[in-house]
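Computed from a predicted structure; not experimentally measured. Each chain gets a letter, A, B and so on, in the order its sequence line appears, and its residues count up from 1.
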Amino acid sequence: MNGPNKDNDILNDRYHIISYVNMGGMQYVYRAHDKVLGKDVALKTPKNNSAQKRFKRSAVVSAKVNHPNIAKTLDYFEVGEQQYLVEEFIDGIDLGQILSTKYKYMDPYLVAKTLHYLAKGIAAAHHVNVVHRDLKPSNVMVSDTVNISGLKITDFGIARMADEELAEAAEGVESTITTSQTAVGALPYMAPEAITTPRKVSVQADIWSIGAMTYELLVGAKPFGVGLPAVAKILEAKKPDFPSFLNQNPQFNSLCTSLIAIILSCLDKDPNKRPTADQLVDACGNICYPLTSREIGIVNDIRYKAWGFITVNGKDVFFNFNSVYGEKPDVGDQVLLAQYPGYGAWRAHPVIKIT
Amino acid sequence: MSKISARYVSDGTSAKGGFGDVTFCQDSNLERKVAIKFIQDPLQINRLKDELAALLQMRSKHVVQVYDLIQCENGNFGIVEEFIEGDDLWQHTNPTSINNYLLTIWQIASGVTDIHEAGLIHRDIKLNNIKIDPEKIIKIYDFGLSRTEGINAKTIGFNGTHYFAAPELYSNGHVTFTQSIDTYAFGISALLLAGEKVLHQSLCSFPPTQSPNGLFSHLPLSIPLELANLLETCLLVNPSNRPLMRDVRDMIKKLILKDSHQALAVFKQTTSLINSTNRSASISFGNIGKLDISYDGLDFTATPVFGEVYLNNALITSKTFLPGSCVIAIGSTELKARDRAFITFDISNPEVTI
């Protein structure tokens, strides 16, 4: 079901629905053209009665947060019983889709950049006492999947409603938390206190979620797994393991070590021991990461299992296995890389295999 | 309290804007404050529409967001904009440090560049029209949308605008607007934000005349000379000699990032860092070859001392800039790989964080 509206519906004499985008745990999302401002917007409307109760309130809350890394709340209106929230439209995909369809993990430079943007956006929310409560990769939109630029955290308001469902799920029998659609998506990123005392979560729960997301971006797996087994692990808050490929290569070791320290500080069981969002922004400012733009290429040759060439836009680019983060690619594999001038062929660094 | 519409309720405060009065209202739907700018002359509305459309579609983190356009019961046409908390830049004319100054003018230059790259001209850049929000993000507002030829009597009536208006705006008869009027106004803004208390008399005549050299470099703030010189060119009388805002933005960025780069050199599994506290390194490989690496705060360079030194496979014979990531090889390509040394070199070039 695609929600209460269909293509070409015009709402409030202003929003012309172009297409149904998707369905979150609590809401339907459409892409619409705003006839007044002359640009496309994201139109969101609650799925059911329980969501409806809190929809207006969530819109008001999300409208309080103003930052380049937060999707801007533009409008709220009602048509009969149906409520609508209008948000800045981000022409891109969410981090959850990127992790499930493009890259299992990112190179540490891109992870550092992503973490920095997430921290900045969340810091702005915390400055106005807004807690997201439902931070997860599918709530982070990016407009450029190769360079992770134009990053915006979305669904602030919705998180407040999700919170209610999450609280009910957490307070209920264990099966609820694995059957509630909202809870299933959020669980791997939920702080221990969000499970034990769901109605008392504070800003520090967002910091935990940032730590859990950053772990997944760097490692390619969720720090505590998924489903019911994850609940026990999260409650215990045992420090997750980091695979050896993070530190094997001296070129990535220094940055990975800094990132691991930040992730572990966010995943502290004691909420008060986690860094604040501002401290997280500062910590990111102190780690150095290059911002060269990324491209996609295909490995066309590998010699001695040590080096080879990648075709990028019809041109050969040299790469050494030392520049590969994570799994080594084979001939024919797609890779994501940055390239630098060189004699004979340009040189790629870093390189990651695309799934 | 008056009702502008069922949705927007005036909070009783207002301000004078470039082309109309601004009324501050509460948006009862989203329970937030907004600024509604009313266009005084209804005859202008149609003429403004095309340009307004371009403005509405523009995306910049440094330009205020427009939420809505409304037609009031009395026929007035209003532009509903986000309300920015915080002081305008007149409250920031005593710079606390060169870094804060650079961050401020870099953001203004970025916003003006965004405006210019969207094909627009702001026309009323001045300290009154720029705010720093609580997240320390610069927001430019109050576009001077009026296309009146010559000088708009309403804008000139406002005290500050005289000094921000470029010389060509004072010419008689037909006045052609170009983006460089914003560059001029940016230059004056940058001068005031740098702590200049009294503008040089050449900038206070109407029209302003050529100002003497050293306007920026003599200030106690110690603006780096290359930037001081570039900012000075923003105030040139001939509009076509003023720089592009994009170039101004990029130079400020370069200076903000000065001394914050870091390079990681890996040689035989050992790593060494070269940065502002450790600006140089010498790498030698037996009697095969040697090179020096140095960092001047902006760039990293490699200089061969003896032997053959290759940079990403290309032989270098003199001081050479190092790209963001490279492999330096010591020893002739004729030698076997085990008789050569390979050093990987990666530069981290951080982004300006605001």
Hey, mind stepping through A/E88 and B/Q65 against side-chain contact (heavy atoms from CB on, under 4.5 Å) and telling me if it holds? CA-CA 10 Å; A/E88 176 181 7; B/Q65 174 77 44; 5.9 Å; no

Which bit of A/Y109 comes within less than 4.5 Å of chain B, counting heavy atoms only: side chain, backbone, both or neither? side chain

Kindly give the heavy-atom pair with the smallest separation between B/G324 and A/Y340, and that separation in Å. CA-CE2, 3.3 Å

One should read off an interatomic distance between A/D75 CG and B/D27 CG, to the nearest 0.5 angstrom, of 7.5 Å

B/D68 versus chain A, the contacting section by heavy-atom distance below 4.5 Å: both

From CG (A/N66) to CZ (B/R32), nearest 0.5 Å: 7.5 Å

Which portion of B/V266 sits near chain A, non-hydrogen atoms under 4.5 angstrom: side chain

So, the part of B/S28 with a heavy atom under 4.5 Å from chain A: the answer is backbone

Checking heavy atoms, do the side chain of B/S260, its backbone, both or neither come under 4.5 Å from chain A? backbone

At their closest point, which heavy atom of B/L30 faces which heavy atom of A/A63, and how far apart are they? CD2-CB, 4.0 Å

May I ask you to test the B/I137-A/P68 pair for a side-chain heavy-atom distance under 4.5 Å? yes

State, to 0.1 Å, how close A/Q251 and B/L264 come at their nearest heavy-atom pair, and which atoms those are. O-CD2, 3.6 Å

Nearest 0.5 Å, please: how far is OG1 in A/T73 from CG in B/N29? 12.5 Å

Given the options A/K39, A/H349, A/R347, A/H127, which has more heavy-atom pairs under 4.5 Å with chain B than any of the others? A/R347

At a 4.5 Å cut-off on heavy atoms, which part of B/L69 comes close to chain A: side chain, backbone, both, or neither? both

With a 4.5 angstrom heavy-atom cut-off, which part of B/S325 approaches chain A: side chain, backbone, both or neither? both

